[in-house]
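Labels below follow one simple rule: chain letters A, B, ... track the order of the sequence lines, proteins then strands, and each chain is numbered from 1.
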Amino acid sequence: MDLSFIFVQIISGLTVATFLFLVASGLTLIFGVVDVFNFAHGSFYMLGAYLGYQIISYWHVNFWAALFLASIWVGILGMAMEFFFLRRIYGRAEEGGFQILLTYSFILIIDDVVKMIWGTEYKTIERPAGFSGSIKIGSAILPSYYLVIIIIGLLLVVLSWLILNHTRPGKIARASAIDREMLGILGVNVPLTMTTVFGIATALGGMSGILAAPLRSVTPGAGIEVIIDSLIVVVLGGMGNFWGAWVGALIIGEVNSFAVAYVPKWASLFNYLS
Amino acid sequence: MGRVLEVVDINTFYGRSHVLFDVNLSVEEGQTVCLMGRNGAGKTTTFRSIIGLNPPRNGDIRFKGISCRRLPPYKIARMGIGFVPEDRRILDRLTVRENLELGHIPGRKGEWDLEKIIDYFPILKDLQDRVGGTLSGGEQQILAIARALMGNPDLLLLDEPSEGLAPVIVAFLKDFVLKLKESKTTILLSEQNVRFASAVSDWVVVIDKGHVVFSGSIDEFQASEDVKKKYLAV
Ligand SMILES: Nc1ncnc2c1ncn2[C@@H]1O[C@H](COP(=O)(O)OP(=O)(O)O)[C@@H](O)[C@H]1O
Ligand SMILES: [Mg+2]
C-alpha cells in the first residue's frame, strides 16, 4: 500500500466531509435552535451557487467577493422565509405538519424560480484565481482548491466553537435549544434570535453552494441531492448536535473516499455523496 | 414610597378555562408581598399573567406606572421584573456560570454582577463550572434566584420558593429573603408555607379558586385564624 495514495484519499475524504459539514451544520443549527427541520436548506445551497454564478459572470468580480455577497443574500432570503412564513406556525398544535408542508413547498418554489431565471443547463464557476492547479506534497498530487475548502471548513469549526461557547449570542443560541420561554423571561428577544440563527444557517448553506460550484456543476435539483446527504450526516451526528454533525461528516467523507478507492463497484452506492 | 406593581381586575384564561377572576393586588417599593393559596388556587397563573406568559384577557397590569399587559415577556423583563418560576427552569445543559451570565440584561444597571452574586451565594462559587442539570433541587433554587438577580430587577417574583425543599434549605432561603428585604429589594412571592410567609412578608394576599379572598398586613393575616383555616392547609 502506498502512503501517498492513502494521503490523497484522506484529503479528498476531508474535502467531501467539509462540504457535508458546511451544509449539515446549518441544517442542524436550525433544527437544534429553531426546532424546525428545514427541507429547503439544500435549496438555499443551490441558490447560493446560482447567485455566485450570476455575480461572477455579470459583475466580473472575483470569486471571494461573490462568495461573500451571495452568502449574505442567501442569508437575507433565509431570514425572510423565517420572518414571513415559519414564524407564523411556531407553537401551533399542527406545527410539525405545517413545517414539512411549508419547507417542502419552498423547495418547489426555489427550484422553479431557479429554472425561470437561469434555465436548466449546467452552469459552472471557475476555481478562484491561484487555486486552479495542483500542489505536490511529497509524492502526492492534490488539487490546491481542496486545501482551500478544508482550511475554510476548519476555520469555520474554530469560529463556531468560539462563538457558541464564548460569546453572549452563542450562549443564547445554545439556551434557545433548551428553553425558549425561560430565555424570554431573562429578557432575551427570542423571535429575533430565531430569525438571526435562521439567517446565519442559510447563509452557511449558500456559502457551501458557491464553494462547491467549481467542483460540481450547478444544476437545478442540486438542492434535493444535498438535503439527502445532509440529512444522513445530521441523523448520524444526532439531530441538532452541531459537533455531532462534524463527526458525522468526517466519518461519511472518509468512508466514502476509501470505500470508493478500494472497492470501485461501491462507488454507485456512494456517488450521491460527492 | 411609590407603587412598583399594580394588578387591576385581571381575568386570565387557559384556552376556554377561566382561571383568574378580577384579581387585584399591588406591591409598594421595598415591600415583600406574599400571595398565598392552596394548590390550584391561581398563584402561578397570577405570576404568568404579570410576566406576560399568559396575558390577562382584560384588566390591567402596571409596572412603575406603565401598562405592560400587552408586552411580550422579554420586554417586561427588560423593564425590570425578574421571575423565578416554580420549576426553576435552569438551563440544564449550560453551566452554572452560563446560567448566571444569561441572567444579565444588557443595558440594565445595578448592584448585581457575577462577582457580587458569588459573594452573596458562596455555594455557587464551587458549582460555577458544573452543568445546571446536575445540581440538587436546593442548589437549583438558589441558582434560579441568583440568575434573576443578575438582571438587576426592580421587582423580584418568586413562585413558591420553598416548595419541595429540605427544611435546612428552607431556613437558608428564609434568611436570604430577609437579607434581600434589608437591601430594599421589592419582592412578590407565593407560598403555601405559612411559617415561611409569616417570617418574610409585610403584606399578604390570599387567593382561592382564582378570587382574592383576603388582603391585609402580616399582623392582620396572623390574627385571621378563619382565613388560614378556610383557605390554607394549616
Ligand atoms: N396550562 C394550563 N392549562 C389549563 N389549566 C391550567 C393550566 N395551568 C394551570 N391550570 C389551572 O389553573 C388553575 C390555577 O393553577 P395555578 O395557577 O398553577 O395554581 P397554583 O400555582 O396556585 O397552584 C388550576 O385549576 C389549574 O388546574
Ligand atoms: Mg403554582
Side-chain angles (χ1 to χ4, degrees), chain A residues 28-35 82-83 86-95 160-198 237-247, chain B residues 15 47-48 50-55 71-108 110 114 129 131-133 140 143-154 156-159:
Chain A
T28 211
L29 198 62
I30 292 174
F31 186 81
V33 176
V34 190
D35 207 12
E82 197 278 345
F83 188 83
L86 282 167
R87 187 176 275 202
R88 293 167 194 276
I89 61 173
Y90 293 153
R92 290 221 199 156
E94 327 85 323
E95 182 176 346
S160 309
W161 182 83
L162 284 174
I163 291 175
L164 286 171
N165 290 296
H166 294 283
T167 68
R168 182 174 164 86
K171 287 169 195 167
I172 288 175
R174 282 160 57 219
S176 326
I178 305 171
D179 189 343
R180 285 192 235 173
E181 188 176 272
M182 190 63 222
L183 261 187
I185 294 167
L186 295 174
V188 172
N189 185 342
V190 176
L192 179 68
T193 306
M194 297 296 123
T195 309
T196 311
V197 167
F198 208 90
M239 301 285 285
N241 183 335
F242 193 82
W243 304 114
W246 190 40
V247 175
Chain B
F47 284 175
R48 290 178 65 89
I50 295 170
I51 197 71
L53 291 171
N54 278 87
L71 298 179
Y74 81 89
K75 286 195 176 156
I76 297 175
R78 288 179 185 181
M79 285 170 76
I81 300 186
F83 177 39
V84 180
E86 194 171 22
D87 47 1
R88 292 136 205 173
R89 306 284 280 271
I90 297 304
L91 297 160
D92 56 9
R93 295 198 296 278
L94 266 53
T95 65
V96 167
R97 192 188 297 111
E98 287 171 332
N99 267 277
L100 290 170
E101 285 165 348
L102 284 175
H104 168 72
I105 299 178
R108 280 197 66 78
L114 201 57
D129 295 314
V131 172
Q140 291 202 354
L143 175 57
I145 296 174
R147 182 177 64 181
L149 288 173
M150 284 289 289
N152 285 298
D154 297 325
L156 186 62
L157 304 181
L158 302 173
D159 195 2

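A cation-pi arrangement is not found for Arg87(A) relative to Phe198(A), the charged atom failing to lie both closer than 6.0 Å to the ring centre and inside a 45° cone about the ring normal.
Chain A forms the most heavy-atom pairs under 4.5 Å with one residue out of Arg93(B), His104(B), Met150(B), Glu101(B), and that residue is Arg93(B). With respect to chain A, the highest number of heavy-atom pairs below 4.5 Å among Asp92(B), Ile51(B), Ile76(B) belongs to Asp92(B). Your options are Pro153(B), Gly52(B), Pro106(B), and the one with the most heavy-atom pairs under 4.5 Å with chain A is Pro106(B).
The shortest distance between side-chain heavy atoms of Lys171(A) and Val188(A) does not fall below 4.5 Å. Glu86(B) is not listed as a side-chain neighbour of Arg48(B), based on a closest heavy-atom distance of 4.5 Å or more.
When the options Thr193(A), Val190(A), Val197(A), Asp35(A) are evaluated for a side-chain contact (heavy atoms from CB on, under 4.5 Å) with Ser176(A), the one that passes is Thr193(A).
Of the two parts of Pro85(B), only the side chain, counted from C-beta on, holds a non-hydrogen atom closer than 4.5 Å to a non-hydrogen atom of chain A. Leu102(B) touches chain A through backbone and side chain together, each having a heavy atom under 4.5 Å away. For Arg97(B), no part lies near chain A; criterion is any non-hydrogen pair under 4.5 Å.
Between Lys75(B) atom NZ and Ile81(B) atom CD1 the span is 15.0 Å, to the nearest 0.5 Å.
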